[in-house]
Amino acid sequence: IEKIQQAAADGRTAFSFEYFPPKTEEGVENLFERMDRMVAHGPSFCDITWGAGGSTADLTLEIANRMQNMVCVETMMHLTCTNMPVEKIDHALETIKSNGIQNVLALRGDPPHGQDKFVQVEGGFACALDLVQHIRAKYGDYFGITVAGYPEAHPDAIQGEEGATLEAYTNDLAFLKRKVDAGADLIVTQLFYDTDIFLKFVNDCREIGITCPIVPGIMPINNYKGFVRMTGFCKTKIPAEITAALDPIKDNEEAVKAYGIHLGTEMCKKILASGIKTLHLYTLNMEKSALAILMNLGLIEESKISRPLPWRPPTNVFRL
Ligand code: FAD
């Protein structure tokens, strides 16, 4: 948070990269090579996700430690709090504290694969608010705490095409405010593809008295199937022009990537023009698209990365 505030005070745009724990040892080594290259561009922080219910606990802790102490980047570790006893949560917090990590993204978590609902373990936590309160009560101000925000409301509150009702959206915002009032310093949002929805969300947060920085979570479209899966899971609204641009190119991986970079760049430009000066990139452990977007925005040097593919409207380029 201090790094983000400092960047704002200096008039700089801050950006950050999110990664997830790879499944194989080779994947982990590849990730660190990629991270080394990406960190050279000066992100304010990088974060590593936590498998729901602690399913990646050991690996997430190991990667977080290596990020902070060997990659030498300010590290934020995600931590979910359901399906897990409090001792396991405290073990994670003690471990990162002893490794010098000072940032936690406090989350409820989704149910593990194959389960519809998450289970509150006896004496355990039911929601992210419980975790924020626990961290502040037990660790004081040692940790900077980030929480998740949902510009379209949490998927549980979204019914069908219409999205969340005004009541569900309002309740969601009020719950977000409780997390901030309980001690969260920063909000990182769920992915979105309609920038106006995000900008409205920020205004709505400000109107109910949420004053901390709100960082947009940007997920570059890397491949069509992944995009459909992810936006289906998160119940994300897709503006008609995005569907129209993707439809004719969905089987052309390179074209989809190029469009993803173009779209990500345009979204970020609009966000930055609104006065928000921080961007969070969901990298999905890939470097090209995230770096290309930052390069297009003039936030990193072109010489350090290979040139991205240009994107042109599909009618000109992909007509057979
Ligand atoms: P909460 O803030 O607890 O809230 C979830 C919903 O329930 C909200 O709609 C809220 O309004 C409602 N709610 C909950 N409790 C109450 C209450 N007491 N009173 C009223 N309303 C309540 N998942 C992972 O497993 N690992 C990760 O690393 C991970 N990283 C993420 C990073 C980001 C930036 C985001 C946006 C999500 C991430 N997730 C991750 C997914 C997240 O765990 C799920 O979206 C989960 O379903 C909700 O987590 P939360 O912390 O937002 O929940």
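The model shown is predicted, which means the values in this text are computed figures rather than measured ones. As the structure lists them, so they are numbered: ligands from 1, and atoms in each ligand from 1.
Criterion: ILVMFWY side-chain heavy atoms under 4.5 Å apart, direct or through other members. Under it, F192 and I158 are not part of a common hydrophobic cluster.
If you check which protein heavy atom lies closest to atom 38 (C) of ligand 1, you get L107 CD2, 3.6 Å. Considering only non-hydrogen protein atoms, atom 46 (C) of ligand 1 sits nearest to D110 OD1, 3.3 Å. Remark: minimum distance from atom 2 (O) of ligand 1 to any protein heavy atom is reached at K179 NZ, 2.6 Å. Here the heavy atom of the protein found nearest to atom 45 (O) of ligand 1 is Y150 OH, 2.7 Å. Nearest protein heavy-atom contact of atom 53 (O) of ligand 1 is R108 CB, 3.2 Å.
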Inset, instruction - Go through the steps for D10 and Q6 under the test side-chain hydrogen bond (donor to acceptor under 3.5 Å, both in side chains), then give the verdict. - result: CA-CA 6 Å; D10 299 347; Q6 190 56 53; 3.0 Å; yes
Inset, instruction - Assess whether side-chain hydrogen bond (donor to acceptor under 3.5 Å, both in side chains) is satisfied between D47 and Y282, documenting all intermediate values. - result: CA-CA 10 Å; D47 52 327; Y282 291 113; over 6 Å; no
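Annotation for ligand 1: atoms under 4.0 Å from non-hydrogen atoms of T49 are 28 (O). Atoms of ligand 1 lying under 4.0 Å from at least one heavy atom of L105, given by number and element, are 32 (C). Near A52, meaning under 4.0 Å from one of its heavy atoms, ligand 1 places the atoms 25 (O). Close contacts between ligand 1 and A148 involve ligand atoms 35 (C), 36 (C), 52 (O) [criterion: under 4.0 Å to a heavy atom]. Every atom of ligand 1 with a heavy atom of G109 under 4.0 Å away is listed here by number and element: 43 (O), 46 (C), 47 (O), 49 (O).
For ligand 1, the polar-atom distance check finds no N/O of C127 at less than 3.5 Å from any of the ligand's N/O atoms. Close N/O approach between E18 and ligand 1 is not found [any backbone or side-chain N/O within under 3.5 Å]. Considering backbone and side-chain N/O of A128, one or more are found under 3.5 Å from N/O of ligand 1. Where the criterion is an N or O separation shorter than 3.5 Å, residue side chain and backbone included, D172 meets it with respect to ligand 1. For Y282, no nitrogen or oxygen atom sits less than 3.5 Å from a nitrogen or oxygen atom of ligand 1, counting backbone and side chain alike.
The cationic atom of K97 (NZ for Lys, CZ for Arg) lies less than 6.0 Å from the six-membered ring centre of Y142 and within 45° of the ring axis.
Qualifying side-chain contact (heavy atoms from CB on, under 4.5 Å) partners for D130, counting only residues two or more places apart in sequence or in other chains: F125, A126, C127, Q133.
Of the residues D204, D196, N203, the one that meets the side-chain hydrogen bond (donor to acceptor under 3.5 Å, both in side chains) test with K200 is D204.
The CG atom of L105 sits 11.5 Å away from atom CD1 of I187, with the distance rounded to the nearest 0.5 Å. A distance of 12.5 Å separates CD in E62 from CE in M67, rounded to the nearest 0.5 Å.
Contact annotation: for Y169 versus ligand 1, there are no heavy atoms closer than 4.0 Å. Only the side chain of T80 comes within contact range of ligand 1, with a heavy atom under 4.0 Å; no backbone atom does. Contacts of D156 with ligand 1, taken as heavy-atom pairs under 4.0 Å, are absent altogether.
Listed here is the closest heavy atom pair of V71 and D36: CG1-OD1, 3.8 Å. Taking each heavy atom of L61 and A92 in turn, the nearest pair found is CD2-O, 3.8 Å. The nearest pair of heavy atoms linking D110 to F233 is OD2-CZ, 3.8 Å.
The residue among H78, M77, H154 with a heavy atom at the shortest distance from atom 28 (O) of ligand 1 is H78. Of the candidates W50, F175, F20, F125, W50 brings a heavy atom nearest to atom 27 (C) of ligand 1.
No heavy atom of G217 sits closer than 4.0 Å to any atom of ligand 1.
Under 4.0 Å is where a charged nitrogen must lie from a carboxylate oxygen, and between D156 and R108 at least one such pair does.
A donor-acceptor pair is defined here as one N or O able to donate and one able to accept, closer than 3.5 Å; no such pair exists between the side chain of N222 and the backbone of G260.
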